[in-house]
There are 2 protein chains.
Amino acid sequence: MYIFTGRYTFVAMTRKPRATRANIIQAADDLFYGEGVRATSMDAIAERAGVTKRTLYYHFRSKDDLISAYLQARDEPTLGRYEVWLNATKGTLAEQVAGMFHRLGRVATAAKWKGCGFQRAAAELAGSPGHPALKIASEHKKRFELWLVERINAEGLDAAPLRARQVVIVLEGAVAQMLLHRDPSYVRAAGQIAASLLIKRG
Amino acid sequence: MYIFTGRYTFVAMTRKPRATRANIIQAADDLFYGEGVRATSMDAIAERAGVTKRTLYYHFRSKDDLISAYLQARDEPTLGRYEVWLNATKGTLAEQVAGMFHRLGRVATAAKWKGCGFQRAAAELAGSPGHPALKIASEHKKRFELWLVERINAEGLDAAPLRARQVVIVLEGAVAQMLLHRDPSYVRAAGQIAASLLIKRG
DNA sequence: GTCTATAGCTTGATAGAC
DNA sequence: GTCTATCAAGCTATAGAC
């Protein structure tokens with residue numbers, strides 16, 4: 001957006017920087033998730049975002065910084081998605097979790113689905129132990145686990161922390177196996193375990 | 001090894017090619033597993049193997065070819081390792097599997113442990129659907145699952161295919177979470193699920 | 001804040017000698 | 001079968017104009 005001032009020397013310095021940053025994050029999400037963080041170049045992200053590399057490096061110090069921002073931006077929407085899936089089913093928590101797995105199975109058969117972005121980024125960055133993105137991924141999964149703890153407590157079940165942890169393990173395993181085999185029966189088998197973990201023990 | 005023939009022109013053309021190939025695979029294993037397949041360059045592998053890149057490309061057509069060979073070479077040793085872990089415990093199959101998870105927990109706390117090489121390669125190559133290494137990874141996991149089916153059948157339990165699949169899911173999830181959090185309580189929680197999956201149902 | 005242009009290096013892969 | 005030498009392309013990141 002140009003601001004005419006009677007001179008040519010004054011041009012708006014801000015061309016919606018928030019929007020630019022959001023565009024970059026969106027482009028990074030598309031490519032980092034679709035192709036992997038190491039397989040994606042900064043050139044490719046700049047091109048997809050419709051900016052030059054100079055602008056990219058104005059908004060993000062480095063590629064590692066952008067990888068972190070990519071995961072950070074994914075945190076809340078991902079948790080929200082699972083929450084929507086869980087709330088879509090009415091009934092006991094066991095039934096709701098079964099429904100959550102069922103819906104995961106639906107989206108996970110699409111070709112554009114490429115597993116969990118956090119899990120895959122962690123797999124790629126395993127060789128860089130101190131990478132900041134790893135901490136973000138770890139905290140994201142912790143948050144998911146804590147959300148389950150709350151749900152299990154609200155259901156009046158005992159041993160909520162252990163049960164939540166076990167449901168997370170089963171979900172992670174289902175996602176990993178789905179990515180490898182693209183066979184929805186893995187998600188079904190997993191949903192069955194998860195539901196049984198949420199039954200009141202006698 | 002030089003063979004003296006009275007001339008300088010005749011030098012052994014074969015300097016243990018099998019050994020060279022094995023050296024390359026070993027170097028590839030160290031680096032691909034330790035740093036990731038995309039983070040590792042052919043230069044780095046050649047240097048670690050003590051050969052030039054020309055020799056590397058004599059033995060392997062391309063990097064993708066070497067990635068496939070790396071996973072192929074890991075198939076049997078990996079299955080063998082789990083078999084050793086399982087057989088190390090005496091008792092019911094449930095107890096043996098619990099022992100297998102326990103031993104996994106031991107090695108998975110070491111810093112050099114970087115999760116499952118197949119799972120991580122699959123995560124990295126998710127953006128290249130037709131990659132030959134993906135098929136090798138998938139078949140490896142299938143082989144592991146089938147080995148479990150046999151064990152469960154031998155134990156006289158029903159629904160062996162489903163139970164085996166569920167144990168695999170739990171194991172994959174435990175490995176993924178261990179890699180992310182480096183917290184052995186995940187393996188413990190997983191081992192508990194796996195063992196309970198192998199109890200005769202009433 | 002965004003541009004054009006490029007530095008400086010690494011990458012996967014190859015040529016040709018022996 | 002292994003070497004030395006090298007290519008063209010791609011990479012992350014930066015310089016300086018406006």
Side-chain angles (χ1 to χ4, degrees), chain A residues 1-5 7-25 27-28 31-32 35-70 124-125 127-128 131 133, chain B residues 1-5 7-25 27-28 31-32 35-70 124-125 127-128 131 133:
Chain A
M1 185 215 302
Y2 279 83
I3 300 175
F4 185 66
T5 61
R7 286 168 170 266
Y8 293 105
T9 39
F10 279 90
V11 171
M13 297 299 267
T14 62
R15 194 177 290 195
K16 294 183 181 172
R18 281 287 163 75
T20 300
R21 200 188 143 92
N23 284 345
I24 292 170
I25 294 265
L31 295 169
F32 282 156
E35 305 293 326
V37 296
R38 284 211 115 111
T40 299
S41 70
M42 292 296 264
D43 291 73
I45 292 168
E47 189 181 354
R48 189 175 185 100
V51 299
T52 62
K53 268 193 295 183
R54 197 68 186 82
T55 299
L56 192 50
Y57 279 97
Y58 172 81
H59 288 278
F60 300 93
R61 194 171 302 169
S62 65
K63 185 178 176 180
D64 287 330
D65 194 26
L66 183 54
I67 294 172
S68 300
Y70 147 68
E124 284 204 62
L125 301 175
S128 312
H131 200 292
Chain B
M1 183 218 302
Y2 279 84
I3 300 175
F4 185 67
T5 62
R7 285 166 170 267
Y8 294 104
T9 39
F10 279 91
V11 172
M13 297 299 266
T14 63
R15 195 177 291 195
K16 294 182 181 171
R18 281 285 165 76
T20 299
R21 201 188 143 92
N23 284 345
I24 293 170
I25 294 264
L31 294 170
F32 281 157
E35 305 293 325
V37 297
R38 281 208 119 116
T40 299
S41 70
M42 292 296 265
D43 291 72
I45 292 169
E47 189 181 354
R48 189 174 186 101
V51 299
T52 62
K53 267 198 294 184
R54 198 68 186 83
T55 299
L56 192 50
Y57 278 98
Y58 171 81
H59 288 278
F60 300 93
R61 195 171 302 168
S62 65
K63 185 178 177 181
D64 288 329
D65 195 24
L66 183 53
I67 294 172
S68 301
Y70 148 66
E124 285 205 61
L125 301 174
S128 313
H131 200 293

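Within every chain, numbering begins at 1; the chains are lettered A, B, ... in the order of the sequence lines, protein sequences first and strands thereafter.
- Phe60(A) places its CZ atom 15 Å from the C1' atom of dT2(C), with the value rounded to the nearest Å.
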**Asked** Step by step, would you call Leu66(B) with Met42(B) a side-chain contact (heavy atoms from CB on, under 4.5 Å)?
**Response** CA-CA 9 Å; Leu66(B) 183 53; Met42(B) 292 296 265; 4.0 Å; yes

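- Rounded to a whole Å, the CG atom of Leu31(B) is 11 Å from the P atom of dT11(C).
- Regarding Leu56(B), its CG atom lies at a distance of 16 Å from the P atom of dA15(C), rounded to whole Å.
- Glu124(A) places no side-chain N or O within donor-acceptor distance of the main-chain N or O of Gly36(A), the cut-off being under 3.5 Å.
- Evaluation of the salt bridge (Lys or Arg N to Asp or Glu O under 4.0 Å) test over residues 42-53 of chain A, restricted to residues two or more places apart or in two chains, returns Asp30(A)-Arg48(A), Asp43(A)-Lys53(A).
- Residues meeting the side chain to side chain contact (heavy atoms under 4.5 Å, CB included) test with Ala44(A), sequence neighbours left out: Leu31(A), Ser41(A).
- Per the geometry, CZ belonging to Arg21(A) stands 12 Å off P belonging to dT2(C), to the nearest Å.
- In this structure, OH of Tyr57(A) is placed 13 Å from C1' of dG8(C), rounded to the nearest angstrom.
- Of the listed nucleotides (dA13(D), dT6(D), dG1(D)), dG1(D) has the atom at the smallest distance from the side chain of Tyr58(B).
- Of the candidate nucleotides dA13(D), dA13(C), dT2(D), dT2(D) has the atom nearest to the side chain of Thr20(B).
- Within a heavy-atom distance below 4.0 Å of DNA chain C, the residues of residues 37-52 of chain A found are Val51(A), Thr52(A).
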**Request:** Verify side-chain contact (heavy atoms from CB on, under 4.5 Å) between Val51(B) and Asn23(B), making sure each step is shown before the conclusion.
**Result:** CA-CA 9 Å; Val51(B) 299; Asn23(B) 284 345; 6.0 Å; no

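- For Lys63(B), whose side chain is taken as the heavy atoms from C-beta onward, the closest listed nucleotide among dA13(C), dT2(D), dT12(D) is dA13(C).
- Rounding to whole angstrom units, CG of residue Asp64(A) and P of dA13(D) are separated by 7 Å.
- Here the side chains of Phe60(A) and Ile67(A) are not in contact, with every heavy-atom distance at 4.5 Å or above.
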**Derivation and outcome, side-chain contact (heavy atoms from CB on, under 4.5 Å), residues Val37(B) and Tyr70(B)** = CA-CA 10 Å; Val37(B) 297; Tyr70(B) 148 66; 4.2 Å; yes

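- For His59(A) and dA13(D), the NE2 to P distance is 16 Å, given to the nearest whole Å.
- Lys53(A) contributes no side-chain N or O that forms a donor-acceptor pair with the base of dT14(D) under 3.5 Å.
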